[in-house]
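Positions are given from 1 along the sequence.
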Amino acid sequence: MPEAPKILSDSADCIDDIVVENNNKVLKFIEDVTADADEVQRRVLSEILSRSANVEYLQRYGLNGCTDRETFKKVIPIVTYEDLKPDIERIANGDTSPILCSQPISEFLTSSGTSAGERKLMPTIEEELGRRSLLYSLLMPVMSQFLPGLDKGKGMYFLFVKSEAKTPGGLVARPVLTSYYKSSHFKNRPNDPYTNYTSPKETILCLDSYQSMYSQLLCGLFQNEDVVRVGAVFASGFIRAIQFLEKHWSLLCKDIRTGTIDSKITDPSVREAVMKILKPNPKLADFVEAECSKGSWKGIITRLWPETKYIDVIVTGTMSQYIPALDYYSNALPLVCTMYASSECYFGINLNPLCNPSEVSYTLIPNMAYFEFLPVTRKDELTGSISEPTALNDKEKQQLVDLVDVKLGQDYELVVTTYAGLYRYHVGDILRVSGFKNKAPQFNFICRKNVVLSIDSDKTDEVELQNAVKNAANQLLQYEASLVEYTGYADTSAIPGRYVLFWELSVKDSTLIAPAVFEDCCFTVEESLNSVYRQGRVCDKSIGPLEIRVVENGTFDMLMDFALSQGSSINQYKTPRCVKYAPIIELLNSRVISSYFSPKCPRWTAGHKQWCTQN
């Protein structure tokens with residue numbers, strides 16, 4: 001198997017030469033593993049299965065030490081988290097026998113609390129940190145092919161950790177990024193110009209989100225001329241940082257002017273780390289104050305950090321709704337999605353990072369895990385709904401597609417087998433093959449599976465909902481209003497049930513918008529949804545008129561704060577597009593200032609279904 005590239009050494013005499021040499025090694029590594037993708041995948045599976053030959057899970061299904069693909073696919077089932085939950089709970093409760101993995105489970109990685117609404121515990125092992133570090137080490141050499149000189153400046157990244165929990169058996173449970181930032185791979189990383197950040201590690205590792213954000217912004221502003229790239233994990237997190245700056249720039253300027261730190265920053269390690277950077281700089285304070293006090297914040301990123309070349313954030317999937325705001329704040333700097341990862345596994349990287357956000361595709365790196373793909377189809381072009389076999393027979397299990405055998409343009413659900421004890425596991429992501437790098441496929445991220453609104457037989461996924469909301473919200477632009485955030489839920493408290501959408505708006509003068517405008521927005525959403533939904537409204541009468549509830553400004557900040565208080569990670573937090581948890585619905589309802597209903601049924605024709613006679 002091709003060897004991973006080495007990270008830069010502290011003893012490098014000439015950093016420039018070492019950077020070039022390391023970049024070339026990384027690019028060759030990517031060429032090698034993608035050119036020999038099938039053989040790498042075969043070896044990965046064989047290595048995983050030979051290591052785990054004696055684990056209880058594989059013995060349970062009679063693998064009997066076999067390491068070939070054919071036997072593995074024949075006897076090992078494709079599973080979801082619910083299938084593994086009893087075994088995971090045994091490990092969490094202290095069972096140290098080799099249940100899923102021959103190596104000791106070092107900790108649990110908690111999945112995002114807002115992905116399909118369930119926080120999951122993903123087992124991991126110590127060596128997985130090395131694989132994550134490997135994927136990170138590939139990003140900047142790829143990026144430097146497109147934007148040279150990135151090694152000459154610093155990155156201003158807003159990175160955060162959350163508090164940890166312990167299972168009854170004593171294992172730590174925490175988000176994958178918290179695990180990585182607290183590891184020696186991050187804290188004691190070698191001298192590398194590509195990981196030269198404006199934020200001291202103490203500010204990143206601070207558990208208090210206010211102190212962490214404040215101190216990271218303070219350090220980023222103080223080093224503004226050194227910054228060549230900015231970012232966060234998700235686009236929403238970066239927007240939150242800019243909004244934090246809007247609220248607190250005067251305090252930050254005071255600290256820059258005097259070379260002191262605001263008294264609200266009480267963490268001793270944070271104060272000590274920041275004071276090693278901060279010195280009185282009245283000229284810089286005047287500059288920041290002048291820019292932030294202007295009436296418009298258009299282009300504020302390039303105004304305050306003039307050498308910035310791009311914004312590194314995830315803007316695929318539902319994060320795409322933040323693109324207009326990012327363009328506004330940055331004067332349309334390139335928006336770069338560098339990598340594709342989850343709590344279960346780190347998957348791949350974007351080899352064309354300056355592409356349009358709508359065209360982002362990820363090349364899966366074949367040595368990260370063993371990948372299979374379950375074909376999914378659209379029921380028809382009108383609905384766009386995803387369908388797949390609800391139960392797989394033995395023949396269908398063998399027909400799951402290997403990495404090198406996927407077809408261009410086809411949609412698949414990703415299934416992984418990892419070194420840490422997941423075997424043929426449904427990740428829940430729907431991907432579309434967009435091209436190939438040598439023998440390795442490249443994928444567009446389409447959506448998370450099962451994030452839906454449903455009343456009856458209708459099923460609305462997050463992509464459909466986002467498109468429908470976008471179509472409706474466009475009607476507000478002529479009134480100098482825009483949609484800030486939204487979520488929804490299926491209200492079945494009355495019969496028939498209905499979709500309820502909560503909208504937070506940015507509006508110049510709400511009195512200029514007549515109720516009929518919002519009613520038309522309701523109708524536009526319904527018109528934009530799939531035919532199964534519209535049939536339920538028009539023919540079956542199984543779905544009531546869609547409702548939009550306008551909420552007070554700041555509601556979705558409160559929603560995020562609530563989620564963080566319940567254990568969500570600020571790094572992984574995404575506004576849920578479907579909410580079911582009663583306290584969240586109560587919070588949203590408590591902030592409603594007006595509500596509107598669709599005034600009429602959307603249009604519907606029978607299509608492929610049996611004709612229905614309307615009275």
Side-chain angles (χ1 to χ4, degrees), residues 80 82 112-119 317-318 321 379 382-387 390 428 430 447-473 483 485-504 518-519 521-551 555-556 559 562-563 566 574-592 594-602 604 609:
T80 65
E82 289 303 314
S112 169
T114 58
S115 292
E118 184 179 31
R119 179 164 288 277
T318 57
Q321 68 174 304
K379 290 181 178 177
L382 292 175
T383 69
S385 299
I386 292 170
S387 65
T390 54
I430 306 300
C447 66
R448 283 286 298 175
K449 182 185 170 190
N450 292 335
V451 180
V452 297
L453 293 175
S454 179
I455 295 292
D456 189 55
S457 59
D458 58 294
K459 285 181 171 54
T460 300
D461 64 38
E462 63 178 321
V463 174
E464 291 172 335
L465 181 60
Q466 180 172 324
N467 289 336
V469 168
K470 180 181 177 181
N471 291 341
L483 183 64
E485 268 291 14
Y486 73 94
T487 191
Y489 82 107
D491 183 359
T492 55
S493 61
I495 302 297
R498 66 185 182 280
Y499 288 10
V500 175
L501 303 179
F502 295 95
W503 282 17
E504 182 175 326
F518 288 109
E519 291 172 356
C521 287
C522 295
F523 178 72
T524 300
V525 172
E526 293 196 301
E527 282 273 276
S528 302
L529 294 176
N530 62 68
S531 64
V532 177
Y533 172 90
R534 287 181 280 116
Q535 181 183 357
R537 282 279 285 122
V538 174
C539 180
D540 300 335
K541 307 296 184 184
S542 59
I543 304 173
L546 182 140
E547 180 184 2
I548 290 175
R549 298 176 186 171
V550 179
V551 297
T555 295
F556 281 85
L559 177 58
F562 176 83
Q566 298 297 301
K574 295 169 283 189
T575 300
R577 295 303 170 220
C578 173
V579 293
K580 299 179 181 178
Y581 190 43
I584 291 179
I585 296 173
E586 290 172 9
L587 185 157
L588 291 166
N589 280 326
S590 72
R591 305 276 294 178
V592 172
S594 58
S595 64
Y596 310 91
F597 291 87
S598 183
K600 56 186 176 181
C601 287
W604 174 78
K609 292 184 177 284

Is there a side-chain contact between Pro602 and Leu529, using heavy atoms and a 4.5 Å cut-off? no
Heavy-atom closest contact (Ala473 atom, Leu483 atom, distance): CB-CB, 4.0 Å
Which heavy atom of Gly488 sits nearest to which heavy atom of Leu501, and what is that distance? CA-CD2, 4.0 Å
With rounding to the nearest 0.5 Å, note down the distance linking CZ in Phe556 to CG in Leu588. 6.0 Å
Student check: side-chain heavy atoms of Asp491 and Ile585 closer than 4.5 Å: no
At their closest point, which heavy atom of Ser598 faces which heavy atom of Pro545, and how far apart are they? O-CB, 3.8 Å
Rounding to 0.5 Å, atoms OG1 (Thr555) and CZ (Arg549) come to a distance of 13.0 Å
Quick one: OG on Ser528 to CD on Glu464, what's the gap to the nearest 0.5 Å? 10.5 Å
Does a side-chain heavy-atom distance below 4.5 Å link Phe562 with Tyr581? yes
How far apart are the closest heavy atoms of Ala472 and Val525, and which atoms are they? CB-CG2, 3.5 Å
Exercise: identify the closest heavy-atom pair between Leu453 and Ala490: CD2-N, 3.9 Å
If the plane angle is over 60° it's perpendicular, under 30° parallel, otherwise tilted; pick one for Phe518 and Tyr596. parallel
Working to the nearest 0.5 angstrom, can you tell me the gap between Leu559 CG and Thr487 OG1? 7.0 Å
Between the main-chain N or O of Val550 and the side-chain N or O of Ser594, is there a donor-acceptor pair closer than 3.5 Å? no
If you round to the nearest 0.5 Å, how far is CD1 of Ile543 from CZ of Arg534? 11.0 Å
Spacing of Glu462 atom CD and Asn467 atom CG [to the nearest 0.5 Å]: 10.5 Å
Going by the ring pair (Phe, Tyr, Trp, His ring centres under 6.0 Å) test, name the single residue among Tyr486, Tyr533, Phe597 that passes it with Tyr499. Tyr533
So which atom in Arg537 and which in Glu526 form the shortest heavy-atom distance, rounded to 0.1 Å? NE-OE2, 2.6 Å
